[in-house]
There are 2 protein chains.
Amino acid sequence: MADLRGGDLSRLRQLNSLTAIRALRGAGPLTLSALAERTGLSRPSMKEVADELMELGWVEEVPPSPGTMGRPARRYRFRADSGCLVGVDIGGHNVRAALSDLDGEILAETRQPVLPDAPLEERLAAIDRAVSGCLALSGRSAADLWTVAAGTTGVLTPEGRIAFSAAIPAWTGLDLAAKLREMFPCQVLIENDSRLAALAEARRGAAQGARDVVFLHVGRRMGTGLIIDGKVHRGFGAAAGEIVMLPEARWYDAPEHLNGCEVVPEGTAPEDAAGYTLAAARDGHPVALAAVDRYVDDLAVGTAAMVLVLDPQMVVLGGGFSRSADVLLAPLRERLERACMRMPEVRASTLGDECVVMGAIDYAADHLDRELFTSDAPLTPLR
Amino acid sequence: MADLRGGDLSRLRQLNSLTAIRALRGAGPLTLSALAERTGLSRPSMKEVADELMELGWVEEVPPSPGTMGRPARRYRFRADSGCLVGVDIGGHNVRAALSDLDGEILAETRQPVLPDAPLEERLAAIDRAVSGCLALSGRSAADLWTVAAGTTGVLTPEGRIAFSAAIPAWTGLDLAAKLREMFPCQVLIENDSRLAALAEARRGAAQGARDVVFLHVGRRMGTGLIIDGKVHRGFGAAAGEIVMLPEARWYDAPEHLNGCEVVPEGTAPEDAAGYTLAAARDGHPVALAAVDRYVDDLAVGTAAMVLVLDPQMVVLGGGFSRSADVLLAPLRERLERACMRMPEVRASTLGDECVVMGAIDYAADHLDRELFTSDAPLTPLR
DNA sequence: CTACTAATGAAGCGCTCCTTCGTAAGTAGA
DNA sequence: TCTACTTACGAAGGAGCGCTTCATTAGTAG
């Protein structure tokens, strides 16, 4: 029983304007006739709508394409550049940011290294530098910012506070949403990084087109992100996907099989240890293979639990260890095959390190879409 | 990027007609002025819409309510009685059916006993008798049927075939949807019984108002139903919620703790065994209490897995054993409290045996709503 | 230079909703 | 029983939006 509001004539115009914007966002520049055909409106009506959208600044004319038969047609395009979205990935060692236009087309990316145990201010400063860098690279100013979406490790509250973060000690307890709202004069969204990665994979990556996706962040810490019915599933308390907390799922200590393997050279930094084991396994080293086997044994238990609960179309493997997906995928598939009712597709991430920022951009773009296409407010003029 | 179709004037009228229907379905009979206020339309426009809906048969006039100041106002109501929905629960020992009007208001219920190992034809005949009984009780004919929604035990395929049913041997492999379409000349929907029970609890029962619900069917066989974002979650292959298949979740053999307890008298029918244990536990019998403890220990593992994955607002306990929820709830809560990131509310089902048929009715009503309110087809006249 | 193609722009029409205002049908009180 | 008051009804006039039609315009092809 959603909205009980009946429509005015102006409501109809609004609907048609939004339909036109949608059509223009979906395809490149379109002529008036093409636009009319797609929206089902007559040409004269379409013209009127287009004029109004031009006046409001949502749409602009581009030069007609030459070399066609007949009189050259006007072409219109959505002014995706009239604002920008920023996605931020706040990790332990790096703060990444990406800037996109309103269509989610990425225009600039930056990275700022930061130490895991850096004090709070330092990390916030890194965020500021990362975002400023993107703005500078793309020749924008903070006034062009419509939305900043940030993903970070740790368990969040629904309001955007950080309930707990193992990877970033200074993070726990912080009201990140409030801090970012102080820094940026625009809409601010906070989400868990694995969830954003999941979204990116579902939109642009390995799981493109799938409505129900389980994303596994395999790395020194396990994490997951769920896409259900095409949307990020965060749960009532924003704590969905935390199956790593269940001992029986055997995820918590699983990475230790790789980190503690005897093929890892003495004195290796903890974040590099698993890489040696995975590399050795790829070369057929029996001890490393056994370690990978034990790792996948454990990994498969929690994964099977998620698959059995949700029956997703696809499982995507991301995170640090997924660079060695060639070593992990086959044994993981084999175990899941035995454990699952219906075997989902299992794929490796195709987006790599930029996964989270892209997901953040997609998250921001989704939010914008919802605001645009489901609100009852009339279209406002764009500066 | 849903629909790119722009609107005509008639589209506006259609929108307003649907809004009016929606308003009338939500509240009882409404006067023209009340209707106009709720939909935001002006009175004259509302009148025109109402006239049209009357002509098409969707709405009818009821006598004005007496005793009011001023000139008595016309009142209109949605003709919920111009069709009916039937929900069917096909279980091992019983086939239940309920008949409702188009608003989901239940008008008749029937039950047909049937043996678990009865041949296929016998069970289908029981379904026919159960539905016919409902029609007779409410004075309807098969021609009034708009939708039949059936819930049954077992694993389904997305198309409504029965992939596997442990409780009803003759069921496995049956194309239930096709069979029911032969029997009833209307829309036929098939769903897993636990999912329908979950829907009923979310709409009318213990979890009313919650958008994300985990329903546990606790009984001789474990089953689950998930409501995510207010809708039944069936998964890509309609196999969601089958965590009982995961040995580590410790669900599969859990009921044995109750069935095999030594307080159960020799020679008790297997379906009654657990009842003795639960009753003895309620009386404080130490052996029974220990059995219940072991049962809940196991139950909590799989439940914690689902809660950690989904972070639902609520967990509802239904199924045969939930009649003894007083014995089970406290220890279950205690274990979940320790295992879960965010503790959900845990409640007992309030709908009892009629849970599945009610869920089936709600499922059918949802389907009808979607057809009505999201289709672009104009309103058709009702007979 | 002419024929052809395809988009443009203006005119006229019909539908849907809105506002306004006089009228009708009740109740409450003298 | 009559009058005043309240509330709904119904008709009239007006504005906005989209549709169809048709003459006009700006290109390409030969």
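Throughout, protein chains are lettered first and strands after them, A, B, ... in sequence-line order, and every chain is numbered starting at 1.
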What are the residues of residues 41-50 of chain A, sorted by number, that bring a heavy atom to within less than 4.0 Å of DNA chain D?
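DNA chain D contact set from residues 41-50 of chain A: A:Leu41, A:Ser42, A:Pro44, A:Ser45.
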If you look at every heavy atom in B:Val213 and B:Ala210, which pair is closest and at what distance?
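Reported closest heavy-atom pair: CG2-CB, 3.6 Å.
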Salt-bridged, [X] to [Y], with N to O below 4.0 Å?
{"X": "B:Lys47", "Y": "B:Asp51", "value": "yes"}
{"X": "B:Asp8", "Y": "B:Arg13", "value": "no"}
{"X": "B:Arg79", "Y": "B:Asp101", "value": "no"}
{"X": "B:Arg211", "Y": "B:Asp229", "value": "yes"}
{"X": "A:Asp366", "Y": "A:Lys231", "value": "no"}
{"X": "A:Asp369", "Y": "A:Arg22", "value": "no"}

What is the distance from [atom1] of [X] to [atom2] of [N], rounded to the nearest Å?
{"X": "B:Leu12", "N": "D:dA15", "atom1": "CG", "atom2": "C1'", "result": "14 Å"}
{"X": "B:Glu61", "N": "D:dA8", "atom1": "CD", "atom2": "P", "result": "15 Å"}
{"X": "A:Glu37", "N": "D:dC19", "atom1": "CD", "atom2": "C1'", "result": "17 Å"}
{"X": "B:Leu15", "N": "C:dC15", "atom1": "CG", "atom2": "C1'", "result": "16 Å"}
{"X": "A:Leu35", "N": "C:dA7", "atom1": "CG", "atom2": "P", "result": "13 Å"}
{"X": "A:Asp51", "N": "D:dG18", "atom1": "CG", "atom2": "C1'", "result": "15 Å"}

Check: protein-nucleotides 27-30 of chain D nitrogen or oxygen pairs below 3.5 Å:
none

Assert: residue with more 5' nearest nucleotide on DNA chain C, out of A:Arg75 and B:Asn16, is A:Arg75
So which one's nearest nucleotide on DNA chain D is more toward 5', B:Leu32 or A:Ser10?
B:Leu32
Partners passing salt bridge (charged side-chain N to carboxylate O under 4.0 Å, His left out) against B:Glu61 (at least two apart in sequence or in another chain)
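Counting only residues at least two positions away or on another chain, B:Glu61 forms a salt bridge (charged side-chain N to carboxylate O under 4.0 Å, His left out) with B:Arg74.
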Would you say B:Glu105 has more than 12 foreign heavy atoms packed within less than 6.0 Å of its CD?
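No, because the 6.0 Å sphere around CD of B:Glu105 holds 12 heavy atoms or fewer from other groups.
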Of all the nucleotides listed (D:dG16, C:dT8, D:dA8), which has the minimum atom distance to the side chain of B:Leu9?
D:dG16
Do the side-chain N or O atoms of A:Arg13 get closer than 4.0 angstrom to the phosphate oxygens (OP1, OP2) of D:dG18?
yes
